[in-house]
There are 2 protein chains.
Amino acid sequence: MQDIADRVGVSRCAVSLVLSGKAKSTRISEGLRRKIIDTAAEMNYTPNELARGLRTGQTKTIGVIVADISNEFFGELVYHIQRRAMAYDYSVIITNSNEDPDAMLREIHLLVNRQVDGIIMVPTNNSLHVANHIVSLSIPFVQVDRFLPGVDASYVILDNFDASSQLTEKLYRQGCRRIAMVRHETSALNGRLEGYVQVMEEHGIYDSCLVKNIDYSSEADDVRSAIDELFKEEVSIDALIFQSHELFLLGISYIRTAGIDFKNRIKIATFDKIEAFALVDFPLTYVEQPIGEIGREVVDILLSQIKGSNEITQKVFKGSINEI
Amino acid sequence: MQDIADRVGVSRCAVSLVLSGKAKSTRISEGLRRKIIDTAAEMNYTPNELARGLRTGQTKTIGVIVADISNEFFGELVYHIQRRAMAYDYSVIITNSNEDPDAMLREIHLLVNRQVDGIIMVPTNNSLHVANHIVSLSIPFVQVDRFLPGVDASYVILDNFDASSQLTEKLYRQGCRRIAMVRHETSALNGRLEGYVQVMEEHGIYDSCLVKNIDYSSEADDVRSAIDELFKEEVSIDALIFQSHELFLLGISYIRTAGIDFKNRIKIATFDKIEAFALVDFPLTYVEQPIGEIGREVVDILLSQIKGSNEITQKVFKGSINEI
DNA sequence: AACGTATATTTAACCGATTAACTTATATAT
DNA sequence: ATATATAAGTTAATCGGTTAAATATACGTT
């Protein structure tokens, strides 16, 4: 800036005023404005956002903490978040928590030290204290995909209860009565269990042995034994809902290697829409999340908080049921 | 810092010296060091990385430009990059280029303005001027996954030629003679074509009608017509190599919907390892990239350049051939 | 001529760190 | 007793911007 100022023959601050678009409000003459802009372009000036951020207290950066960016769902979510943020001239710093609360805490500090203007986080199991910590920092904060009950913060999620009951109801209407569910033991996904349970109970066909819990730490093993049990003759299921695409892939994969024939006997259903569906050659019912809208909304809410809104917004999107 | 200094009763810079770990070299007494550290902890001090970055000229941040973070391969790549960077206390700013050179240029400026210490980029078609622009900025820069011939910069890639010829050779040994390839028309992936062509020619079985080019802008349509042509009776292929997992998914999906029976007639092969393989129920040969190593290596090279090395490192990893 | 009022630009403080150069006090050597 | 070295900190400049307040110039009025 000093160089530009020298070249044009004005003070450094005149350059700043012009270049930060405050020429009109501070009545810099049009001639000088042009000259400064031209000279800046000529000299390939690009502003140092660090200095600007230091002075203004705004970095135009948002921090995103996801469990695992290599997960297809989060990858797509981050894609939409990044695009929306970009549209508003915000950058995105990504960090992976690997579902570990301690890592999340470290990453929050890292983001805060970098003076991000706000944080978007996918909360995980046992991260209540982490979320509350962010709230106590009183930095703009929005949860996405999941939310922690009792945390005083905004969130954007899928209406899991509704999606799950719609899905279960659909299977019921198609004649299924012994509908099983393979689920993760996460409070964040409880809605997917509850929607299912309610519909099953409404129709008087709920049976607790149809629900199998999978632990994160022993996913593959748990899925195998869950499948083994569910496919026993006496359980006689006619539909199987996987609570996430990870479980779906693990499940189908095992069913295949175990040589179990299910195609014409058992309807399969799952949550999320993934690339792998291109390879599905059996009837599949799935819940599709409006992931683009979710990503955009979470950015919009965060930005409104960054702009000063104290409103806590909790937005719930409906999923749609599709079939292959 | 001033607050800590006041509380302890020393100057601001003593605090800085201690907190940035320069206590020994500047001979701050051990007692004072302890007191400052304790007071800082007590007061929940966290450094402002912006200010630090402004002063030191180092932001401990690297910018990553990928074509599409929601792409499974790039998602995983970014995952490894982020983890490795994190291990060295570096943060990662992600941007999506959507394979658009103009977008890349914008993002580079954005990253440069934010004073990133270095840039990792997946170059795309027609981005030669973009890469050269980064080089002209003389900022540490490494290309990954693909590279642009003629650009004077480091890169980390898969040995596509080797992988492709290994793959082709393997199919040949398994008795295939009419091996087809569905490929993207990108110079970045030329190695995958050339390795194939060489092996085919070596065995005297190369036939140009076995190679189908797919345009990025009309992927789905092109794949459909490519498949249609390849599966004509008179072409009589016995193996089909897809040059990327995107093409593989599109291809298999179309083959399925078209009701073409290939399972026991035609061997399928592809590049990359993706989640969808969990659903594969036919023999599949694929090239697996050491993606974790690639991610780590690209960070290591970038960091060595950031640390001052002027060496241009061009690292080529071998892929491994696997079967399902 | 004196004054008020826009207009156009500059001054100087500030954001929160880092660090080269300097000061002061004490210890050790000659 | 004097010179030298070492220890333990402090001073002040700096990074590259922003912005409230001050200043200077021109213009229109009475």
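Below, all heavy atoms of this structure are taken into account, side chains as well, without hydrogens, waters or symmetry copies. Here is the naming used below: chain letters follow the sequence lines, and residue numbers restart at 1 for every chain.
Spacing between atom CE of B:Met1 and atom C1' of D:dT10 amounts to 15 Å, rounded to whole angstrom units. Taking atom CG of A:Leu32 as the reference point, atom P of C:dT10 lies 8 Å away to the nearest angstrom. Here the P atom of nucleotide C:dC14 and the CG atom of B:Asn48 are 17 Å apart, to the nearest Å. In this entry the distance linking CG of A:Leu19 with P of D:dG16 reads 15 Å, nearest Å. In this structure, the CZ atom of B:Arg27 is 16 Å from the P atom of C:dT23, given to the nearest Å. Spacing between atom CZ of A:Arg55 and atom C1' of D:dT14 amounts to 16 Å, rounded to whole angstrom units. Between the CG atom of A:Leu50 and the C1' atom of D:dC15 there is a distance of 9 Å, given to the nearest Å. Look at CZ on B:Arg52: it is 17 Å from C1' on D:dT14, rounded to the nearest Å.
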Would you check, one step at a time, whether the test salt bridge (charged side-chain N to carboxylate O under 4.0 Å, His left out) holds for B:Asp38 with B:Arg34?
CA-CA 6 Å; B:Asp38 292 348; B:Arg34 276 247 67 79; 3.5 Å; yes
Residues B:Asp300, B:Arg84; criterion salt bridge (charged side-chain N to carboxylate O under 4.0 Å, His left out); working and verdict:
CA-CA 8 Å; B:Asp300 288 352; B:Arg84 186 63 152 201; 2.8 Å; yes
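Checked against C:dT19, D:dG16, D:dT19, the side chain of A:Leu17 finds its nearest nucleotide in D:dT19. Listed nucleotides: C:dT10, D:dG16, D:dT19. Nearest to the side chain of B:Leu54: D:dG16. Side-chain proximity of B:Ala51 to C:dG16, D:dT19, D:dA8: nearest is C:dG16. With D:dT19, C:dT18, D:dG9 as the choices, the nucleotide that has an atom nearest any side-chain atom of B:Ser16 turns out to be C:dT18. In this structure, of D:dA8, D:dT18, C:dG16, it is D:dT18 that holds the atom nearest to the side chain of A:Ser20.
Heavy-atom distances to DNA chain D give each of A:Tyr45 and B:Cys13 a nearest nucleotide, and the one nearer the 5′ end belongs to B:Cys13.
In the interface, the side chain of B:Arg12 is not paired with the base of C:dG16 through any donor and acceptor atom under 3.5 Å apart.
Between A:Ser29 and C:dT9 there is a side-chain polar atom (N or O) within less than 4.0 angstrom of OP1 or OP2. Between A:Lys22 and D:dT19, a side-chain N or O to OP1/OP2 separation shorter than 4.0 Å is present. A sub-4.0 Å separation between OP1 or OP2 of D:dT19 and a side-chain N or O of A:Thr56 is absent.
Between the side chains of B:Asn125 and B:Glu99, no donor-acceptor pair is found at a separation under 3.5 Å. For B:Glu311 and B:Thr313, the side-chain atoms include no donor-acceptor pair closer than 3.5 Å.
Among the atoms of the strands shown, only primed sugar atoms or phosphate atoms (P, OP1, OP2) are found under 4.0 Å from some heavy atom of A:Thr46.
At distances below 3.5 Å, not a single donor-acceptor pair connects side-chain atoms of A:Arg83 with backbone N or O atoms of A:Gly295.
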